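Working notes, beginning with the structure itself.
Letters go in sequence order (proteins before strands), and every chain restarts at 1. Given the structure is predicted, the values throughout are model-derived calculations rather than measurements.
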Number of protein chains: 4
Amino acid sequence: MIKVGIIGAGRIGRVHSESITKYVKGAEIKAISDVRVTEELKEWAKGMGIPNVYEDYKLILQDAEIDAVLVCSSTNTHAPISIEAARAGKHIFCEKPIDADVDRIQQVLAEVEKAGVKFQVGFNRRFDHNFKAIKNAVVNGDIGEPHVIRVTSRDPDAPPIEYVKVSGGMLFDMTIHDFDMVRYLSGSEVTEVYAAGGVLVDPKIGEAGDIDTAVITLKLANGAIAVIDNSRKAVYGYDQRAEVFGSKGAIQTANDTPSTAILSNVNGVIAEKPKYFFLERYMQSFADEMACFVDSVVNDKPTLVNGTDGLQPVLIAIAAKKSLDEGRPVKMSEIS
Amino acid sequence: MIKVGIIGAGRIGRVHSESITKYVKGAEIKAISDVRVTEELKEWAKGMGIPNVYEDYKLILQDAEIDAVLVCSSTNTHAPISIEAARAGKHIFCEKPIDADVDRIQQVLAEVEKAGVKFQVGFNRRFDHNFKAIKNAVVNGDIGEPHVIRVTSRDPDAPPIEYVKVSGGMLFDMTIHDFDMVRYLSGSEVTEVYAAGGVLVDPKIGEAGDIDTAVITLKLANGAIAVIDNSRKAVYGYDQRAEVFGSKGAIQTANDTPSTAILSNVNGVIAEKPKYFFLERYMQSFADEMACFVDSVVNDKPTLVNGTDGLQPVLIAIAAKKSLDEGRPVKMSEIS
Amino acid sequence: MIKVGIIGAGRIGRVHSESITKYVKGAEIKAISDVRVTEELKEWAKGMGIPNVYEDYKLILQDAEIDAVLVCSSTNTHAPISIEAARAGKHIFCEKPIDADVDRIQQVLAEVEKAGVKFQVGFNRRFDHNFKAIKNAVVNGDIGEPHVIRVTSRDPDAPPIEYVKVSGGMLFDMTIHDFDMVRYLSGSEVTEVYAAGGVLVDPKIGEAGDIDTAVITLKLANGAIAVIDNSRKAVYGYDQRAEVFGSKGAIQTANDTPSTAILSNVNGVIAEKPKYFFLERYMQSFADEMACFVDSVVNDKPTLVNGTDGLQPVLIAIAAKKSLDEGRPVKMSEIS
Amino acid sequence: MIKVGIIGAGRIGRVHSESITKYVKGAEIKAISDVRVTEELKEWAKGMGIPNVYEDYKLILQDAEIDAVLVCSSTNTHAPISIEAARAGKHIFCEKPIDADVDRIQQVLAEVEKAGVKFQVGFNRRFDHNFKAIKNAVVNGDIGEPHVIRVTSRDPDAPPIEYVKVSGGMLFDMTIHDFDMVRYLSGSEVTEVYAAGGVLVDPKIGEAGDIDTAVITLKLANGAIAVIDNSRKAVYGYDQRAEVFGSKGAIQTANDTPSTAILSNVNGVIAEKPKYFFLERYMQSFADEMACFVDSVVNDKPTLVNGTDGLQPVLIAIAAKKSLDEGRPVKMSEIS
């Protein structure tokens with residue numbers, strides 16, 4: 001039984017708290033910290049059986065009983081807190097992205113390596129039952145050598161413009177999950193990126209300097225070609241599909257729906273829309289990534305989403321942004 | 001190349017004419033007859049390249065060049081014309097049902113046997129690509145021993161009350177195809193029938209002495225149990241599905257649709273309705289039954305829907321009607 | 001926040017314990033009892049945070065702090081314990097069936113009514129996301145008036161013969177859920193039952209006096225006709241589907257699968273088998289039935305599966321058994 | 001009733017002959033020509049009821065009774081014969097591609113315009129029931145403004161290397177249909193092309209200077225982005241799918257299969273593979289394109305696949321090839 005501290009009590013911090021409390025054997029939460037400790041937070045923590053609520057995350061890092069921390073604070077603090085945590089000898093689960101800056105990510109990875117602690121990055125979709133089924137088929141050789149990887153990733157609705165402005169851009173905020181998915185499903189590294197993007201959903205997004213629609217082609221080291229298509233707004237819900245096509249076949253997934261019910265009437269044969277909200281859609285993956293992290297710590301196994309897995313999607317996003325800006329394919333070797 | 005005469009130029013007679021002309025190698029139509037030879041019919045026959053149009057079907061039977069006849073006239077004439085045709089040495093394709101009267105059917109079968117001519121009954125659904133796929137799976141042993149057979153057969157709309165009154169009743173008019181389907185898919189004979197029926201679609205159908213909704217249970221000689229569910233009106237279209245469940249698995253079919261397109265919008269994920277009209281839905285089966293009949297004649301093979309196959313569904317329908325009337329299961333041995 | 005006592009710490013008692021602990025707000029488990037208190041049970045209870053483990057369930061009934069009990073003990077004790085619990089003023093969640101004997105069920109219902117306590121029976125499938133989607137469509141009028149209800153319920157494998165011998169028979173042990181489902185989906189009462197059954201899966205089941213395959217037709221008070229098909233063994237997994245067909249359309253559900261992945265290779269286009277194990281398939285429904293029960297107690301609402309809902313399926317099963325034995329449809333009015 | 005001459009009696013010439021004979025009202029075939037008139041061809045023509053078989057196609061062009069010709073000869077003769085046919089005042093159905101050379105295509109179009117004859121190019125897939133359903137949805141506004149168009153087009157097996165060598169390359173031979181499809185489904189013109197390609201199916205294809213796998217991104221004038229993925233070999237069959245995603249929803253198609261049968265067994269839930277052979281898959285579209293061409297001639301309507309539709313995909317293929325060779329996106333304005 002390990003003891004966990006959670007740094008950041010926002011939405012994702014609470015999601016992980018619930019996962020650990022409800023589904024993960026072998027871990028208990030000893031403390032949670034947040035820059036704003038409200039009555040509501042205290043109440044919530046009490047309900048969850050979390051004994052300590054701090055304003056200062058350093059109290060977590062200083063607690064010798066705590067084995068591992070979850071870094072769920074605001075993105076710009078992921079790197080410095082991770083570094084501190086590594087130096088304090090804590091195993092680290094760090095929400096994605098580690099940082100927008102490559103040097104800072106490298107620094108985190110170096111500290112993690114030096115400290116010899118576990119480090120897992122929050123690319124939860126790798127633990128999703130559907131994508132995992134694809135991955136398993138690829139690893140088992142069911143589809144032979146991968147030739148083409150397709151990822152469709154469309155949000156149910158665009159975020160507020162205020163968020164768009166500080167999000168780092170769609171490629172870093174949203175597509176980054178898909179870059180990770182391509183690496184995960186293909187088992188290969190990206191060598192070149194070409195991004196075609198546009199503003200088709202909302203002109204305000206364009207005015208904020210971002211895109212809302214994209215088709216991104218990725219050449220992979222194993223010769224396969226991947227393509228991601230993104231939209232900030234699919235009116236029918238959260239569209240999350242993938243396909244790997246290879247020498248012996250293809251495997252693809254459909255969206256999860258609230259039920260399998262199909263209504264036949266004068267208007268057609270009508271199935272339900274995909275699950276709309278990412279927490280509903282991906283809850284199982286959040287729980288499983290926690291279980292996996294705890295398992296890595298308890299049983300001294302390598303984490304399934306390691307530092308490189310945290311770094312690479314950021315590098316790919318940088319290449320994709322460069323491609324978009326310069327209207328040409330960009331080699332990964334151009335990105336340091 | 002055999003020569004064919006068609007007796008009865010109504011809808012089904014013309015469907016078969018088109019099938020032979022367009023799809024069936026090895027046969028040509030020499031003559032067609034109808035009790036009413038209109039200008040329109042002559043025009044149509046000319047367009048089809050049919051050289052002779054008669055009012056008197058006997059001219060077809062007397063034509064020594066004609067090898068085979070299709071009996072597509074009104075139901076009450078199927079038996080007498082088939083008998084005449086057999087005596088004239090013509091191979092016979094007879095539309096279903098051969099007759100509503102079992103003795104008359106027996107008489108036809110006796111004459112056919114005496115004459116040694118081919119005899120095929122128009123249970124076209126046996127040639128449908130979907131039901132054939134089930135049949136093949138059963139015959140290949142893909143589902144092991146059949147345990148449960150389910151047939152769903154729902155018309156897109158109830159026929160006019162005038163038709164209902166002369167139709168012989170839903171069990172004889174509509175379910176008879178499903179009785180044949182159960183025999184076909186199971187490869188076994190029915191031993192007992194229990195019919196539960198009701199008037200749920202249109203009270204006028206009840207007033208006409210018929211039912212419009214039914215669930216019919218059939219015990220089979222091989223121990224399997226079949227169940228048919230019928231409705232005269234499925235607002236979403238012509239619903240024609242079946243499933244055979246057995247010791248090694250199950251095989252089921254879905255409806256055919258005009259296209260595979262699926263529209264995702266705010267209302268749901270919407271596929272097309274089943275093909276609505278029986279000629280659209282079953283055109284391929286009509287063509288294939290003709291090809292099969294011609295093949296039987298040309299290559300002296302047994303027909304795939306023989307006299308027994310024409311008789312049995314009538315016997316089952318009689319048992320089902322008796323069951324409905326008496327509110328109890330009826331053994332086939334009760335029906336002579 | 002209500003306090004709950006659980007009587008019976010077998011598989012289902014533990015499932016409900018987990019549901020309450022993990023998913024149900026507003027309830028905590030104060031005690032659990034079992035006729036055999038092992039070290040393992042104590043350990044498990046400790047892990048679940050259940051403070052008291054008793055051998056004698058009466059300690060639970062005597063605890064004034066406990067508001068509600070879950071009766072999860074062996075079937076033959078459901079009725080007497082429920083009666084005692086009602087007399088002790090406890091709200092009751094009782095596993096199905098209440099009893100095999102109708103008089104004893106009636107006695108339980110009378111005591112519950114006298115005590116004015118909540119009473120919910122464990123027909124968990126009513127809370128399943130798929131069946132609930134059908135129910136909602138029916139209630140919303142999406143399919144108009146129900147005409148035909150179809151329930152397919154096939155277990156992945158037959159139980160051990162020892163279990164078969166004491167199970168009360170397939171109709172009482174397995175089909176009883178489907179009888180409940182027909183009532184739930186149709187919103188109507190059964191008036192007549194016809195059961196066709198056979199021994200097709202395993203002759204030993206027949207030797208034990210039971211059937212393993214059945215097709216059961218049910219006439220309903222609203223005129224609709226329902227049909228259930230059962231098998232003790234579907235090699236492809238737990239097959240749990242239903243369809244309601246009505247005047248304005250039809251709604252049907254498919255099986256849940258571990259993922260939506262579809263593999264296309266030289267052998268075909270292959271989806272995953274249905275979830276195999278009932279706990280995996282129905283876990284969401286177990287959690288929701290607990291939440292619903294607690295909600296009824298806390299907010300003084302009627303339970304969603306009440307005493308009548310516990311009684312009726314037993315009556316239908318008795319009628320079905322009589323139908324099977326006598327080879328004829330049996331009216332519910334014949335069953336007292 | 002118009003009279004048609006067919007130039008070229010190879011596979012596609014015969015397919016069109018069958019379509020006209022069987023399905024198209026309003027046209028009859030007066031003559032067919034081929035550079036090699038064999039006994040087999042004469043026999044076949046007789047069976048089809050085609051009265052004249054010529055070695056010299058000029059006999060067709062000189063026949064004043066012939067209203068329209070189908071140019072089904074070898075690709076390098078499409079342009080010169082079309083020009084001759086236009087000058088002879090014949091309406092023209094020309095197999096795709098008109099020519100590999102843009103100037104020659106322009107010349108054909110100029111002659112066609114001068115002659116005022118109908119001209120239709122053989123992009124049959126526009127007439128396919130599935131793709132037409134997408135097109136209709138787009139035109140009807142069902143998906144709003146198109147944002148992303150996806151076309152998946154994979155052949156069941158690579159052609160012989162000898163064919164690869166003379167095919168003009170995958171982009172001209174296979175993807176050209178997909179370029180047409182993007183224009184058809186989007187209703188917009190391509191402005192820029194980026195092609196990523198590889199040799200993953202068979203190294204011999206690479207040795208022959210061609211690719212066998214590609215992902216091609218196309219920017220469209222209306223702002224939408226299209227992506228095509230191609231493979232020369234999908235072991236599970238002919239994979240032909242498309243999706244248009246837009247502001248109000250998405251519409252996608254699946255593959256056609258021989259039947260809707262689904263087998264559930266210990267290995268999974270197994271549907272049939274897509275139809276394997278292009279003639280089987282696209283027969284309905286071949287028939288409908290002929291009916292449409294004849295309708296254009298008879299009723300003096302514009303053809304649905306006109307000269308521009310013949311030219312543009314060639315220009316796009318040229319751009320795609322240039323993109324592939326130069327490793328950069330190529331603007332259509334770069335292609336004269």
Side-chain angles (χ1 to χ4, degrees), chain B residues 143-150 152 154 191-202 206 211-220 222-237 239 241 243 245-252 254 273-274 323 326-331, chain C residues 143-150 152 154 191-202 206 211-220 222-237 239 241 243 245-252 254 273-274 323 326-331:
Chain B
I143 60 112
E145 293 299 316
H147 291 179
V148 176
I149 293 101
R150 302 201 314 168
T152 289
R154 300 170 188 158
T191 59
E192 192 176 314
V193 183
Y194 173 71
V199 180
L200 297 168
V201 171
D202 186 350
I211 55 172
D212 54 34
T213 304
V215 170
I216 301 154
T217 305
L218 306 130
K219 293 186 183 171
L220 301 176
N222 63 5
I225 308 169
V227 61
I228 295 164
D229 73 272
N230 285 145
S231 171
R232 280 290 198 185
K233 181 169 188 170
V235 296
Y236 52 87
D239 194 350
R241 292 173 285 155
E243 177 181 7
F245 168 80
S247 57
K248 289 188 182 167
I251 184 156
Q252 61 176 325
K273 289 185 283 186
S323 170
E326 303 182 7
R328 64 172 183 92
V330 170
K331 288 196 162 44
Chain C
I143 60 111
E145 293 299 315
H147 291 179
V148 176
I149 293 100
R150 303 201 312 168
T152 289
R154 301 170 188 157
T191 59
E192 192 175 314
V193 182
Y194 173 72
V199 181
L200 298 168
V201 171
D202 186 349
I211 55 172
D212 55 32
T213 303
V215 170
I216 301 155
T217 305
L218 305 130
K219 292 185 184 172
L220 301 177
N222 63 4
I225 308 169
V227 61
I228 296 163
D229 73 271
N230 286 145
S231 172
R232 279 293 198 184
K233 181 169 189 171
V235 296
Y236 51 86
D239 194 350
R241 291 173 284 155
E243 176 181 7
F245 168 79
S247 56
K248 291 189 182 166
I251 184 155
Q252 61 176 325
K273 288 185 284 187
S323 170
E326 303 182 6
R328 65 171 182 93
V330 169
K331 288 195 162 43

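Per-residue heavy-atom pair counts under 4.5 Å with chain C were compared for B:Ala250, B:Ala214, B:Gly198, B:Gly144, and the maximum is reached by B:Ala250. The greatest number of non-hydrogen atom pairs below 4.5 Å with chain B, out of C:His147, C:Glu145, C:Arg328, is found for C:His147. The residue among B:Glu192, B:Lys233, B:Arg154 with the most heavy atom pairs within less than 4.5 Å of chain C is B:Arg154. Each of B:Asn230, B:Thr152, B:Ile216, B:Val199 has some count of heavy-atom pairs under 4.5 Å with chain C, and the biggest count is that of B:Thr152.
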TODO: Could you walk me through whether B:Val201 and B:Thr213 pass side chain to side chain contact (heavy atoms under 4.5 Å, CB included), step by step?
DONE: CA-CA 7 Å; B:Val201 171; B:Thr213 304; 4.1 Å; yes
Task: Pair C:Asp212-C:Arg232, salt bridge (Lys or Arg N to Asp or Glu O under 4.0 Å): steps then yes or no - done: CA-CA 5 Å; C:Asp212 55 32; C:Arg232 279 293 198 184; over 6 Å; no
Task: Steps toward side chain to side chain contact (heavy atoms under 4.5 Å, CB included) verdict (C:Leu218, C:Thr191) - done: CA-CA 7 Å; C:Leu218 305 130; C:Thr191 59; over 6 Å; no
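Taking CZ of B:Phe245 as the start and CD1 of B:Ile251 as the end, the distance is 14.0 Å to the nearest 0.5 Å. For the atom pair CG (B:Leu200) and CD1 (C:Ile225), the distance works out to 6.5 Å, reported to the nearest 0.5 Å.
Using a 4.5 Å cut-off between heavy atoms, C:Val148 touches chain B through its side chain atoms alone. C:Val227 touches chain B through its side chain: at least one heavy atom from C-beta onward sits under 4.5 Å away, while N, CA, C and O do not. The contact between B:Gln252 and chain C is made entirely by side chain atoms (from C-beta outward), counting heavy-atom distances below 4.5 Å. Only the side chain of C:Lys219 has a heavy atom closer than 4.5 Å to any heavy atom of chain B. Contacts between C:Thr217 and chain B at a heavy-atom distance below 4.5 Å involve the side chain alone, from C-beta outward.
Residues passing the side chain to side chain contact (heavy atoms under 4.5 Å, CB included) test with B:Lys248, sequence neighbours excluded: none. Qualifying ring-ring contact (aromatic ring centres under 6.0 Å, His included) partners for C:Tyr194, counting only residues two or more places apart in sequence or in other chains: B:Tyr194.
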